[in-house]
Amino acid sequence: MKAPGLRPPPKHAPKKLRTEADLRALQRMMTHALVQPLTADDELAPRWHDGRPMAEVVAEFIKPNDRLTAGERLKIYSISYWYRLIDAVYEDAPGLRGLLGEKKFSALVRAYLAKYPSRSFTMRNLCARLPQFIREEPRWTAPHTGVALAVARFEWAQTVAFDGEARPVLTPDDVADVPPARLRLGLQPYLSLLALDWPVDDYVIAVKERDALRNDASNAIDRGPRAASRKKVRRPRRRRVFVVVHRYDLRLFYKRVDPAAFQILEALAAGRTLARAVAAAGRGVQPEQVREWFATWMELGWFCKRAGRLSGRS
Amino acid sequence: MPANRFNAFTDYGIGIGLRVPHYAHILEKKPVVDWFEIISENFMVDGGRPLHVLDQILEQYRVVQHGVSMYFGSADKPDRAHLRKLKALVRRTKTPWLSDHLCWGSVDGTFTHDLLPMPYTFSAAKRTAEKIRYVRDYLEVPICVENVSSYAEFHVSEMTEWEFLSEVVERADCGILLDVNNIYVSSKNHNFDPYAYVNGVPPDRVGQIHVAGHTKFEKYILDTHDHPVLDPVWKLYAHAIARSGVTATLLEWDDRIPSFNEVHHEALKANEFIGGARAANFARRALPKKR
């Protein structure tokens with residue numbers, strides 16, 4: 001397995017550590033051994049990249065002791081690596097887990113992490129590429145790939161809304177003097193606009209409520225990935241919805257919006273002027289309605305300066 | 001008065017790790033706690049609730065930052081974007097010192113999110129020390145490096161772990177966060193005397209101490225942070241402060257976290273040993289010096 005970013009390991013572990021290159025070679029070797037997917041029995045993969053027995057390769061750089069072989073010592077780290085990351089994905093994607101069921105979700109997560117190991121110092125970003133992975137490898141979520149992708153996008157948007165950047169909110173006074181044909185509004189970086197073919201917002205809320213009830217009802221320690229029986233939440237039926245995932249007063253919210261309102265927001269996010277964004281919504285939308293939407297959005301603090309400048313002032 | 005030259009916070013007392021399940025209790029009840037240790041990475045975010053909670057904590061308590069992803073021992077160079085975020089947090093918390101681990105955990109920008117053991121070699125010590133100096137100069141805050149618990153050793157190692165730790169901190173001219181639980185865990189996993197470890201590190205560089213619980217398995221011990229501190233670890237702690245003087249001490253409890261009061265009560269057990277160390281220190285100072 002070749003992880004993106006992680007360069008191929010050396011053929012053999014360095015026998016001496018004299019240079020930075022030696023240190024890097026050793027660290028590459030151990031990282032490749034760690035991130036290699038475990039077997040179904042949570043054992044180290046039996047073979048190294050070049051076909052040699054894994055135990056033989058690990059013994060090149062790790063010492064055995066009087067109780068454990070080199071491979072067994074490395075396995076402690078490898079199991080810890082896999083379960084730490086799997087647990088983190090489980091925590092951030094309860095909806096996807098509920099949708100696919102334990103077995104399928106576990107297989108998806110392992111395949112995802114094998115292809116896309118963490119490239120960030122924080123596990124907060126672990127699910128950032130999960131939607132991309134579901135698109136690239138639909139076999140892990142088939143026959144529910146469409147809805148799985150919608151859930152994955154929705155759950156990642158929640159992570160962004162939870163601790164994403166908030167820029168200073170624009171007030172009506174800030175924009176009062178700028179004509180709509182020149183005014184460009186920024187949307188808060190923590191806000192995500194999602195056009196979804198399934199109403200997964202309701203679905204994820206139902207899954208979270210079920211899990212919260214289950215946890216409240218039991219003092220048993222939650223085993224996370226190994227949790228057993230779960231009451232099923234009905235899978236959503238296909239229906240187009242437009243959802244804004246945002247936060248208000250430090251709490252997460254999902255707001256369904258009208259398709260025309262969504263078009264306006266998308267146009268603003270793309271950098272269109274206010275006039276062009278409103279025009280994008282089509283002629284059928286009443287000015288009164290648009291004013292009402294904007295009043296609500298301003299109140300929710302969704303608008304901010306666009307990166308680098310206030311608006312269309314020149 | 002500082003207990004040693006790297007320990008300007010002798011009187012910092014006993015802290016506990018700031019953990020999510022305790023937020024409500026701390027913010028509502030405002031219990032008396034000497035200080036909180038935060039995991040830096042949990043607050044290296046751009047906004048939202050984590051920073052809001054942190055600001056409320058900072059209004060009431062002293063906070064010390066502890067990192068888990070600097071990877072001083074990694075062959076990768078320090079990431080400037082990461083350092084910028086960390087520096088912003090350092091300015092926010094006004095942490096009097098910052099700690100992270102003597103380990104590695106990433107290579108080529110791929111992160112394992114683990115604290116992996118170092119090969120104990122002179123070249124690795126030199127490189128690690130350079131990185132610590134670089135980070136300290138960038139962040140403009142004193143740094144203590146923590147010994148990790150480990151389950152594997154490398155063939156290429158040229159010295160013991162405590163010799164490596166000493167080599168690194170002397171070269172970097174930085175402090176030590178001595179984790180006595182980690183020493184105990186590693187001593188069982190690698191068959192060495194934990195007291196030899198404590199005796200082998202420069203006592204005048206110990207700026208903070210960690211205690212924690214661990215779990216015994218048939219063939220090894222795992223550093224789980226999900227239990228009260230075990231007696232052998234408290235004994236090692238007593239020995240460490242007898243050598244280094246009274247030192248800012250922190251209890252880590254990260255899994256199966258019980259109530260705030262239970263965690264705090266466990267941490268305050270350190271006082272039993274600190275009293276002894278203070279008395280010994282006082283007696284040492286009071287006795288006439290031999291000529």
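These numbers come from the heavy atoms of this one structure, side chains and all, not from hydrogens, waters or symmetry mates. Numbered from 1 within each chain, the chains take letters A, B, ... in sequence-line order.
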Interface moiety of B:Leu222 toward chain A, non-hydrogen atoms closer than 4.5 Å: side chain
The interface call for A:Arg247 against chain B, heavy-atom contacts under 4.5 Å, is side chain
Partners passing salt bridge (Lys or Arg N to Asp or Glu O under 4.0 Å) against A:Glu91 (at least two apart in sequence or in another chain): none
Below 4.5 Å from any heavy atom of chain A, which atoms of B:Asn42 appear? Answer side chain, backbone, both or neither. neither
Per-residue tally against chain B (heavy atom, under 4.5 Å) across A:Glu165, A:Gln27, A:Arg73 peaks at A:Gln27
Just by modelled atom types, is the B:Asp76 backbone N or O under 3.5 Å from a matching donor or acceptor in the B:Lys131 side chain? yes
When the 4.5 angstrom heavy-atom criterion is applied to B:Ser157 and chain A, the contacting part is neither
Among B:Asp114, B:Val45, B:Val68, single out the residue with the greatest number of heavy-atom pairs under 4.5 Å to chain A. B:Asp114
Measure the CZ-CD1 distance between B:Phe217 and A:Ile76 for me, rounded to the nearest 0.5 Å. 9.5 Å
Salt bridge (Lys or Arg N to Asp or Glu O under 4.0 Å) pairs, two or more places apart, involving residues 46-60 of chain B: B:Asp46-B:Lys85, B:Asp55-B:Arg92
Between B:Asn191 and A:Arg67, is there a side-chain donor-acceptor contact under 3.5 Å, judged purely by atom types and distance? yes
Whatever's closer than 4.5 Å to a heavy atom in chain B on A:Arg28 counts as both
For A:Ser118 and B:His113, which I'm curious about, is there any donor-acceptor pair between the side chains at under 3.5 Å? yes
Check whether NZ of the Lys or CZ of the Arg B:Lys188 lies under 6.0 Å from the centre of the six-membered ring of B:Tyr220 and within 45 degrees of that ring's axis. no
What part of B:Thr112 lies closer than 4.5 angstrom to a heavy atom of chain A: side chain, backbone, both or neither? both
If one checks every heavy atom of A:Tyr190 against chain B at 4.5 Å, the contacting part turns out to be neither
Measuring heavy-atom distances to chain A, does B:Glu158 have an atom under 4.5 Å in its side chain, in its backbone, in both, or in neither? side chain
Answer with side chain, backbone, both or neither: which region of B:Met44 has an atom nearer than 4.5 Å to a non-hydrogen atom of chain A? both
